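Every heavy atom of this structure was used, including side-chain atoms; hydrogens, water molecules and symmetry mates were not. What you are looking at is a predicted structure, and each value in this text was computed from that prediction instead of being measured.
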Amino acid sequence: MADINGLELIRFIRRSEHHRSTPLLIISTLRAEQDVERGLALGADAYLPKPFTPEQLRDSCGKLLASAPSVDAGRSSSEPNEPSEPPPAGGAG
């Protein structure tokens, strides 16, 4: 991600009225317990340290999707289906 880092993206998603219920999975090379705790505290729903197996990724995504609200839940017919763009780097927007 060239314009914003992953932590800024989590913050943007969790503050967005339209995207705050989007399930978030952090995939990281950082494996220490404090790193996992920090990622979850920032708003991620799950944390998967590298390296991981395809099965671990599938299972993590499956759990998140199973617990996620319906895509159409709370959306009125007048709301657009396209996602909003995150703010540009540097806080402008």
Side-chain angles (χ1 to χ4, degrees):
M1 288 183 283
D3 293 336
I4 62 173
N5 69 38
L7 302 180
E8 291 169 338
L9 180 61
I10 290 172
R11 203 166 317 152
F12 169 77
I13 290 172
R14 291 302 180 229
R15 290 180 180 169
S16 167
E17 181 180 336
H18 296 290
H19 304 295
R20 70 174 48 128
S21 63
T22 300
L24 297 176
L25 169 64
I26 291 178
I27 297 175
S28 177
T29 58
L30 303 175
R31 304 181 62 87
E33 186 64 32
Q34 66 189 23
D35 298 315
V36 175
E37 290 173 4
R38 180 173 181 233
L40 296 174
L42 287 170
D45 297 295
Y47 193 103
L48 185 60
K50 294 178 183 180
F52 53 84
T53 65
E55 293 79 16
Q56 289 172 313
L57 178 60
R58 181 198 60 218
D59 292 347
S60 293
C61 291
K63 288 176 187 176
L64 289 176
L65 293 173
S67 64
S70 169
V71 172
D72 291 325
R75 180 187 291 161
S76 72
S77 59
S78 64
E79 291 182 51
N81 290 329
E82 294 86 30
S84 300
E85 292 295 320

Quiz item: Is there a path of hydrophobic side-chain contacts, each under 4.5 Å between heavy atoms of I, L, V, M, F, W or Y residues, that connects L24 with L40?
Solution: yes
Quiz item: So do P49 and V36 actually touch side chain to side chain, heavy atoms under 4.5 Å?
Solution: no
Quiz prompt | salt bridge (Lys or Arg N to Asp or Glu O under 4.0 Å) pairs, two or more places apart, involving residues 46-68 | solution = none
Practice problem: Quick one: which residue pairs count as a salt bridge (Lys or Arg N to Asp or Glu O under 4.0 Å) with a foot in residues 21-44, not counting sequence neighbours? | Solution: none
Quiz item: For the residue pair R15 and R20, what are the closest heavy atoms and their distance?
Solution: O-NH2, 3.4 Å
Quiz item: What heavy-atom pair brings P23 and D45 nearest, and what distance separates the two atoms?
Solution: CA-OD2, 3.2 Å
Exercise. Kindly indicate, with the supporting measurements, whether the criterion side chain to side chain contact (heavy atoms under 4.5 Å, CB included) is fulfilled by I26 and I10.
Key: CA-CA 9 Å; I26 291 178; I10 290 172; 3.7 Å; yes
Exercise. Locate the shortest heavy-atom distance separating H19 from R14; write the atom from each residue and the value.
Key: O-NH1, 4.3 Å
Quiz prompt | Pairwise distance SG(C61) to CD1(I27) - rounded to 0.5 angstrom | solution = 6.5 Å
Practice problem: Grab the two heavy atoms, one from Y47 and one from L25, that are nearest each other, plus how far apart they are. | Solution: N-CD1, 3.9 Å
